[in-house]
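Lettering follows sequence order; numbering is per chain, from 1.
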Protein chains: 2
Amino acid sequence: MTDDPFSPRGFSETGHGPLYLQLQRRIADAIASGRLGPGDSLPPEREMASMTGLSRVTVRRGVQELVASGQLVQRRGSGTFVARKVERLEQALSLLTSFTEDMARRGRSVESRWIGRGLFAPSPEEVMALGLGSADRVARLERVRLSDGLPLAIERASLSQQVLPRPDQVESSLYSVLEARGLRPVRAVQRISATNLGAADAGFLQVAPGAAGLRIERISYLPSGQVIEFTRSLYRGDAYDFAVELKSAPDTDRRPG
Amino acid sequence: MTDDPFSPRGFSETGHGPLYLQLQRRIADAIASGRLGPGDSLPPEREMASMTGLSRVTVRRGVQELVASGQLVQRRGSGTFVARKVERLEQALSLLTSFTEDMARRGRSVESRWIGRGLFAPSPEEVMALGLGSADRVARLERVRLSDGLPLAIERASLSQQVLPRPDQVESSLYSVLEARGLRPVRAVQRISATNLGAADAGFLQVAPGAAGLRIERISYLPSGQVIEFTRSLYRGDAYDFAVELKSAPDTDRRPG
DNA sequence: AAGTGGTCTAGACCACCTC
DNA sequence: AGGTGGTCTAGACCACTTG
């Protein structure tokens with residue numbers, strides 16, 4: 001069918017599930033088929049409601065998941081639009097580089113908006129990860145990372161005060177500051193998981209609350225084995241791919257028998 | 001404050017944001033502080049509404065995001081409960097192993113529920129990834145992976161018919177079948193991203209629709225360089241961590257100047 | 001000022017499970 | 001049968017942007 005998704009026909013027929021899911025499917029199909037293209041506006045919610053014969057609450061509910069998954073964008077006072085394609089960026093996981101260097105290598109602009117920067121009393125998590133003493137203070141760098149104007153990640157880095165006594169001196173790349181002090185990490189361990197973004201973090205990344213994000217915890221080491229950096233990052237799930245190459249485990253290459 | 005989260009006090013005061021977020025924060029705090037422990041039941045929605053002075057719709061909305069993020073579980077006809085802690089499993093990304101082998105190494109049980117298995121006409125995506133000809137058919141293995149009774153992942157593997165002529169013969173580990181045919185992959189490239197799970201996939205994984213999942217696409221190669229397997233997996237975001245070790249890029253170890 | 005999305009309400013019916 | 005969550009409605013007010 002090449003009909004518009006908002007005709008009242010077909011709604012409420014039994015066996016097709018909840019009405020809000022039926023509407024959601026229609027809109028998703030319209031986007032997938034190209035009937036609705038990037039940047040196109042959808043009718044106002046009240047109009048979608050009257051067109052479909054559904055209530056506005058039900059329309060909003062149908063639209064909601066498409067907003068959360070990044071297919072639609074809503075702007076208060078403005079309207080609902082089909083999201084412009086966000087080109088996925090790939091980051092090679094096997095290389096230990098900083099966000100700044102990574103983007104520069106691709107010829108992309110890098111900006112940061114600082115959320116917080118300073119010396120603090122460490123959290124128990126930071127004491128654990130950085131091996132701090134009870135009297136130590138921790139340097140925290142919290143920022144939103146943007147590339148070509150698009151917010152891509154929230155980065156929360158913690159370092160011992162001894163490693164970074166003046167966090168306010170970090171302007172762009174943390175790693176370049178560390179390198180200037182002869183403290184560039186050469187090894188790191190990362191843990192990657194997925195999480196639903198809370199309202200605050202979603203706001204920083206300009207996505208809907210509940211949207212999926214990639215959470216990465218990284219602990220970086222000096223050649224000496226000393227821990228130097230503990231960073232928790234949240235990447236936009238719709239804008240970032242991590243790529244990694246795997247090799248077979250040595251002990252499973254050959255089997256007895 | 002150690003009050004219960006459902007007292008009407010404090011709601012509606014200005015400057016605290018929407019009511020549903022205030023309720024959400026109260027419940028989340030109660031869980032974080034241990035006032036609500038794993039398995040505890042929350043009052044019925046109608047009761048939470050009358051206790052707080054909010055409408056049931058608003059209560060549901062506040063609860064909704066906590067369900068999506070896996071902190072609460074709702075069972076129709078039964079109630080709303082604090083989720084039991086799901087122990088996160090770590091998988092070393094640098095090793096190329098199968099789900100079956102990976103779990104066996106940890107001493108965990110492995111089960112699979114088949115969703116689909118057979119020979120099909122390939123999708124364009126499969127033609128690209130596997131380098132198929134127009135007349136080739138593709139073997140598809142779709143299953144839900146469970147460990148100790150808990151669904152952890154959906155795995156959708158595609159292989160050329162020439163590699164796996166009899167997909168119905170795969171019972172547990174795909175890799176062990178390939179190895180028996182002398183076709184075990186030794187190298188793979190993975191792309192990792194995050195996504196909100198749709199209703200169907202969320203159902204397979206027994207999480208709420210919209211919950212965050214880890215999406216992994218993997219292409220595996222034989223020693224000869226031939227592509228052997230193209231797999232798309234969705235892991236529960238709340239149950240899986242991927243761990244990876246990074247090393248510094250050779251060309252950034254030393255810099256001129 | 002008019003229009004948009006964001007929030008909230010009171011009340012209803014249904015499907016499911018067994019409180 | 002009674003309680004629970006799941007869905008849906010009509011209508012209201014607010015905050016924001018400017019179609």
Does a side-chain N or O of [X] approach OP1 or OP2 of [N] to a distance below 4.0 Å, or not?
X	N	answer
Arg60(A)	dG5(C)	no
Gln74(A)	dG6(C)	yes
Thr80(B)	dT4(D)	no
Tyr20(B)	dT7(C)	yes
Thr58(A)	dT9(D)	yes
Arg61(B)	dC8(C)	no

Using a heavy-atom cut-off of 4.0 Å across all strands, would you classify [X] as base, sugar-phosphate, or nothing?
X	value
Gly79(A)	base
Ser41(A)	nothing
Gly53(A)	sugar-phosphate

In whole angstrom, what separates [X]'s [atom1] from [N]'s [atom2]?
X	N	atom1	atom2	value
Gln22(A)	dC8(D)	CD	P	8 Å
Leu72(A)	dG6(C)	CG	P	12 Å
Glu65(A)	dG6(D)	CD	P	14 Å
Met48(A)	dT9(D)	CE	P	14 Å
Glu47(A)	dG5(C)	CD	C1'	14 Å
Leu19(B)	dT9(C)	CG	P	6 Å
Arg46(B)	dA10(C)	CZ	P	14 Å
Arg76(A)	dT4(C)	CZ	P	15 Å

Task: Residue closer to the 5' end of DNA chain D, Arg75(A) versus Val57(A) (nearest nucleotide) - done: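 With Val57(A) and Arg75(A) compared, the 5'-side residue is Val57(A).
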TODO: Look at the aromatic rings of Phe242(B) and Tyr235(B) and report parallel, tilted or perpendicular, splitting at 30° and 60°.
DONE: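 Taking Tyr235(B) first and then Phe242(B), their aromatic rings stand perpendicular (interplane angle over 60°).
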Task: 4.5 Å side-chain heavy-atom contact, Arg113(B) and Phe204(B) - done: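 With C-beta onward as the side chain, the pair touches.
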Open item on the list: Whether the side chain of Glu47(B) engages the backbone of Pro44(B) through a donor-acceptor N/O pair (distance < 3.5 Å, no angle test) should be reported.
Closed with: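 No, Glu47(B) side chain to Pro44(B) backbone: no donor-acceptor pair under 3.5 Å.
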Open item on the list: Base of dG6(D), side chain of Arg56(B) - is there a donor-acceptor contact under 3.5 Å?
Closed with: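 Yes, a donor-acceptor pair under 3.5 Å.
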Task: Passing option when Arg117(B) is tested against Glu142(B), Glu155(B), Glu171(B) for salt bridge (charged side-chain N to carboxylate O under 4.0 Å, His left out) - done: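 Result: among Glu142(B), Glu155(B), Glu171(B), Glu171(B) is the only option passing the salt bridge (charged side-chain N to carboxylate O under 4.0 Å, His left out) with Arg117(B).
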Task: Separation of Arg75(B) CZ from Phe81(B) CZ (nearest 0.5 Å) - done: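 So the CZ of Phe81(B) and the CZ of Arg75(B) are separated by 4.5 Å.
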